[in-house]
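Some notes on the structure that comes next.
Every chain is numbered from 1 and lettered A, B, ... according to where its sequence line falls, protein lines coming before strand lines.
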Number of protein chains: 2
Amino acid sequence: MDRRQRKTRKAIYQAFEDLVSEKPYAQVTVAQIIDRADIGRSTFYEHFETKDELLNDMCTEMFDHIFAGVNSHCVTHRALQTGDLEGRLAHLLYHLRDTYDGICGKLLKEGEPVFTSYFRQRLAELIEENPPHIPGDMPHDLALDLFVSAFVETVVWWFSHGLKADPQDLASWFMRMLGQPSSHVVKAIAE
Amino acid sequence: MDRRQRKTRKAIYQAFEDLVSEKPYAQVTVAQIIDRADIGRSTFYEHFETKDELLNDMCTEMFDHIFAGVNSHCVTHRALQTGDLEGRLAHLLYHLRDTYDGICGKLLKEGEPVFTSYFRQRLAELIEENPPHIPGDMPHDLALDLFVSAFVETVVWWFSHGLKADPQDLASWFMRMLGQPSSHVVKAIAE
DNA sequence: GTTTATACCGGATACAGTGTTCGATAACTA
DNA sequence: TAGTTATCGAACACTGTATCCGGTATAAAC
């Protein structure tokens, strides 16, 4: 790829990230992105058809990055066994916190449709790979939806409280709230 | 109130409801509302400042109507005891189904911010008036948020499946999913 | 270093939607 | 009947999107 293209793309991404962290996605205009990235109007449209496509591309990149590590062993956090949903969710929370300056939480909180549907999709896959216990008479897809939306809400709550709570505590709360066993013991006072 | 005003307001509401049931709220334009209601452009703006204010007014009216009955005795459904969250939620589901041609479910599904925040607000109040059991070490506001979003998701699921499931079954599933006791027994096969 | 390709620029333009203004007309009220 | 008020609709200003196109700068190929 041409160096100029790389440079332009990078400038657009950076400007976009900055703007999204400053104001709601819906209020970010193409004109602002162009201004911030310091590029010509037509140049933007040679890279992306619309603002939504830019977000779309960004989501793909973000989620590939974030979820790539969740199912693999990670040195900084603890090892995982297959079926350990709680561990994987905690792991995911670490990645969400450490990446993209919390714009994930922001986009979720805004209920931005593109981002939210990507996240829900990936979450659903993660949960299905590590299936929790579900009462027999309950529709399986409903249970899955409830797990997904409850976890999304957990992340939103976390973000709204400045990402202060410990990811493992959060994952444990989430699991127990959904009637699942949790191996983690939440300490009353942080030490 | 002038008969002309009443007539205009009614026409706007009707056109708006129709349009929202036909397409996503975001894609409904003021021009379309005016067209459908068969009124002049400036007339619309003499009644509502923006499209969002129209939705806002409509939400107030809808929720006052829907939630008014939920906390009172209702002849068509079963009697309620204080603290019977499951009963009240089932009751709420009946009202949601029987009112406004399912546009409530539609707006929720779209994640329309104004409508959703109204609904969540009312739901939170309902839940706080009939508090469920929450593990001691869990942040109370997080638990409340999880209850709210899980119930919203339940309604969305219900709507997406054509409102076919029985409200009491739905409420029971919801309660048990959140680790709450449920008095209702879901019948495997409808009779 | 010259050639060739192509990415970028930016002004012009078409378009869709919002919200306001205002004088004329029709409908209501006292 | 006289006075008030709602409605109408065309015109206008404004914001934002997306495209077009000739001119310029930069990178890659030889």
B:Arg6 atom CZ is separated from D:dT5 atom P, nearest whole Å, by 17 Å
Does A:Arg120 pair with B:Glu153 as a salt bridge, N-O distance under 4.0 Å?
yes
B:Phe44 CZ to D:dG9 C1', in whole Å, measures 16 Å
| task | Determine whether the aromatic ring centres of B:Tyr118 and B:Phe67 lie less than 6.0 Å apart. | result | no
- prompt: So, B:Asp137 and A:Arg176, do they make that salt bridge, N to O below 4.0 Å?
  reply: yes
Residue B:Glu49 excluded, over 12 heavy atoms near CD under 6.0 Å: no
Trace of the salt bridge (charged side-chain N to carboxylate O under 4.0 Å, His left out) decision for A:Asp64 with A:Arg122: CA-CA 10 Å; A:Asp64 282 352; A:Arg122 298 290 195 129; 2.5 Å; yes
Checklist entry - Do the ring planes of A:Phe48 and A:Phe44 sit parallel (below 30°), tilted (30 to 60°) or perpendicular (above 60°)? => result tilted
Neighbour count above 12 (heavy atom, 6.0 Å) for B:Arg3 CZ: no
For the residue pair A:His95 and A:His91, categorise the inter-ring angle as parallel (less than 30°), tilted (30 to 60°) or perpendicular (more than 60°).
parallel
Margin query: If you define the side chain from C-beta out and look only at heavy atoms, does anything of B:Lys51 sit under 4.5 Å from B:Thr29?
Written below: no
Outer limits of DNA chain C sitting under 4.0 Å from a non-hydrogen atom of chain B, read 5' to 3', are C:dG17 to C:dC28
A:Tyr45 atom OH is separated from D:dG16 atom P, nearest whole Å, by 12 Å
Per nearest nucleotide of DNA chain C, the residue lying toward the 5' end, B:Met1 or A:Thr43, is A:Thr43
Taken to the nearest whole Å, NE2/A:His47 to P/D:dA18 is 16 Å
Is there side-chain contact between B:Pro181 and B:Met175, with at least one heavy-atom pair below 4.5 Å? no
Worksheet item: Are A:Asp35 and A:Arg41 close enough for a salt bridge, meaning some N to O gap below 4.0 Å?
Response: no
Contact check, residues 25-41 of chain B vs DNA chain D, heavy-atom distance under 4.0 Å, returns B:Asp38, B:Ile39, B:Gly40
Contact string for nucleotides 21-27 of chain D, one letter per nucleotide 5' to 3', B = base within protein heavy-atom range under 4.0 Å, S = sugar-phosphate only, - = neither, reads ----BBS
